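This report concerns only the one structure given below.
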Protein chains: 2
Amino acid sequence: MSDTEVNDVLERLCNLLRMETRAFGQKYGLQPVQIDALTYLTQCNRYSNTPQAVGEYLGLTKGTISQSLKVLEQKSLLRKLPDEQDKRVVHLTPTAKGKKLIENAIADKSLAPALANSTKITELASVLRSTLRKVQQMNKRKAFAACHTCRFNEQSKKGYLCGLTQEPLSAQDIQLICREHEYPS
Amino acid sequence: MSDTEVNDVLERLCNLLRMETRAFGQKYGLQPVQIDALTYLTQCNRYSNTPQAVGEYLGLTKGTISQSLKVLEQKSLLRKLPDEQDKRVVHLTPTAKGKKLIENAIADKSLAPALANSTKITELASVLRSTLRKVQQMNKRKAFAACHTCRFNEQSKKGYLCGLTQEPLSAQDIQLICREHEYPS
DNA sequence: AATTATAGTATCGAATCGAAACTATAATTA
DNA sequence: TAATTATAGTTTCGATTCGATACTATAATT
């Protein structure tokens, strides 16, 4: 009864967010998918900023996303850097211009002010987090969540360590989205 | 601090819902926008089932949405009925096949099971409702909400009445989305 | 050394999308 | 009442997304 209502509200919020993304993009000659891709690239870690990962994150094929990334590069919103170890791999890093644009895109949305001064914000965050987690576990795709909730993330006196790559992670690092993320079982 | 997190979670939920809508549509040769339009038409009232309204609801131009509706009609998922009073207007009503398809689309999503058994569902619903309301009031578009929260909706002993059209509304009617909806000031 | 797998790009056809032109009907105004 | 203006919807055009497929280059496996 009440959960179909939550469902409807969430669906409608999605519609509205998409409309706003479309409207914002139009001011800069950008498509919604381009905004989405660039947003992801400002939030993901160094293991996850590849065309492949962007495609998986957004549920699009690599061929499709490749075209959108080409446009973003042509508009100087991101740069492509070849990987040092694996020469097949390309890393995508937003330029200052690209980062600024995404900042504006987020600020332009009516979601942020709608959440401001919301009294039960902490509780809302907690319920939404667990909902997202269930959805992620349910749909059989990669979770694409931040390292601090990952089962590979280890904490010692020296700081954080990724058990998968065996690389140390900073406090900022563990807030970033990782394509290798797995929830603890 | 915590509200940017809510923002991020909501954005990600939107991505995932869109991916699922795309995947579901692909099974039936339908595009995400077509699923969205048909979903709306199963939820809106008799004042709001026109091409114009669908376009406004989804933030698309009438020319654009007209093409998507043509496809839905060709696939026998909806029918077009001319309005009796105003001969310019067309009413769109989902067929049984169309309704069934949307039922399946909603059931297929991982959101419903993710919400099931959620303990704080009532509280979540309430916070989300007020968030949606703020977003709707903020972005200067029509709200497209249900009559029971509308300032034109009047309740008497005999039942409900729309103060705008002066027509009586049933208990089912006031649950439907209306394009003329306005929140009380 | 040969095979297979993977990351990314390029190309094609089908579809969305916005803009603009167009038709038909309704509402307004002179 | 006739002319004008506004509105609902469709159609057409060009730019873009999208999936599928083929392709190149590099890495991993056998």
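In this text, all values refer to a predicted model and were calculated from it rather than measured experimentally. Note on naming: letters A, B, ... go to the chains in the order of the sequence lines (proteins, then strands), and numbering restarts at 1 for each one.
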Selection residues 111-132 of chain B - residue pairs positive for ring pair (Phe, Tyr, Trp, His ring centres under 6.0 Å), sequence neighbours left out: none
Do you know which two heavy atoms are closest between A:Gln136 and A:Tyr183, and how far apart they sit? OE1-OH, 2.5 Å
What's the CG-P distance between A:Leu60 and C:dT9, to the nearest Å? 15 Å
Considering only distance and modelled atom types, tabulate donor-acceptor pairs under 3.5 Å from the side chains of residues 21-31 of chain B, sequence neighbours left out.
{"from": "B:Thr21", "atom 1": "OG1", "to": "B:Leu17", "atom 2": "O", "distance (Å)": "2.9"}
{"from": "B:Thr21", "atom 1": "OG1", "to": "B:Lys109", "atom 2": "NZ", "distance (Å)": "3.3"}
{"from": "B:Lys27", "atom 1": "NZ", "to": "B:Asp108", "atom 2": "OD2", "distance (Å)": "3.0"}

For B:Glu103 and B:Lys100: C-alpha separation, side-chain torsions, deciding distance, then whether salt bridge (charged side-chain N to carboxylate O under 4.0 Å, His left out) applies. CA-CA 5 Å; B:Glu103 268 179 45; B:Lys100 188 72 194 162; 3.7 Å; yes
Contacts of A:Glu182 that satisfy salt bridge (charged side-chain N to carboxylate O under 4.0 Å, His left out) - sequence neighbours left out: A:Arg151
Under a 4.0 Å heavy-atom cut-off, which of residues 14-29 of chain B touch DNA chain C? none
For A:Thr61, side chain to side chain contact (heavy atoms under 4.5 Å, CB included) partners two or more places apart: A:Thr64
Note: B:Pro51 and B:Val90 closest approach over all heavy atoms is CD-O, 3.5 Å
Give me the bend of the helix from C:dA1-D:dT30 to C:dA30-D:dT1, using the axes of the five pairs at each end, rounded to 10°. 10°
Show the nearest heavy-atom pair for residues A:Asn7 and B:Ile106, with the distance to one decimal. ND2-CG2, 4.5 Å
Donor-acceptor check, side chain of A:Lys80 to backbone of A:Lys70, threshold 3.5 angstrom: yes or no? no
Other residues, nucleotides and ligands only: do more than 12 of their heavy atoms fall within 6.0 Å of NZ on A:Lys99? no
Could you run down the sub-3.5 Å N/O contacts of the protein with nucleotides 4-7 of chain D?
{"from": "D:dT7", "atom 1": "O2", "to": "B:Arg88", "atom 2": "NH1", "distance (Å)": "2.9"}

For B:Arg141, all residues meeting salt bridge (charged side-chain N to carboxylate O under 4.0 Å, His left out), sequence neighbours excluded: none
Would you say a side-chain N or O of A:Thr61 is under 4.0 Å from OP1 or OP2 of D:dG19? yes
Contacts of B:Asp173 meeting salt bridge (charged side-chain N to carboxylate O under 4.0 Å, His left out) (sequence neighbours excluded), chain-then-number -> B:Arg46
Salt bridge (charged side-chain N to carboxylate O under 4.0 Å, His left out) involving A:Arg129 - partner list, sequence neighbours excluded: B:Glu5
Which of residues 64-87 of chain B have a heavy atom under 4.0 Å from DNA chain D? B:Ser66, B:Gln67, B:Lys70, B:Lys80
Is NZ or CZ of B:Arg12 both nearer than 6.0 Å to the six-membered ring centre of A:Tyr40 and within 45° of the ring axis? no
First of B:Gly59 and B:Lys62 reached from the 5' end of DNA chain C, by closest nucleotide: B:Gly59
Check DNA chain D against residues 31-47 of chain A and give the residues with a non-hydrogen atom under 4.0 Å, in numerical order. A:Gln31, A:Val33, A:Gln34
Roughly how far apart are A:Leu115 CG and A:Ser110 OG, rounded to 0.5 Å? 9.5 Å
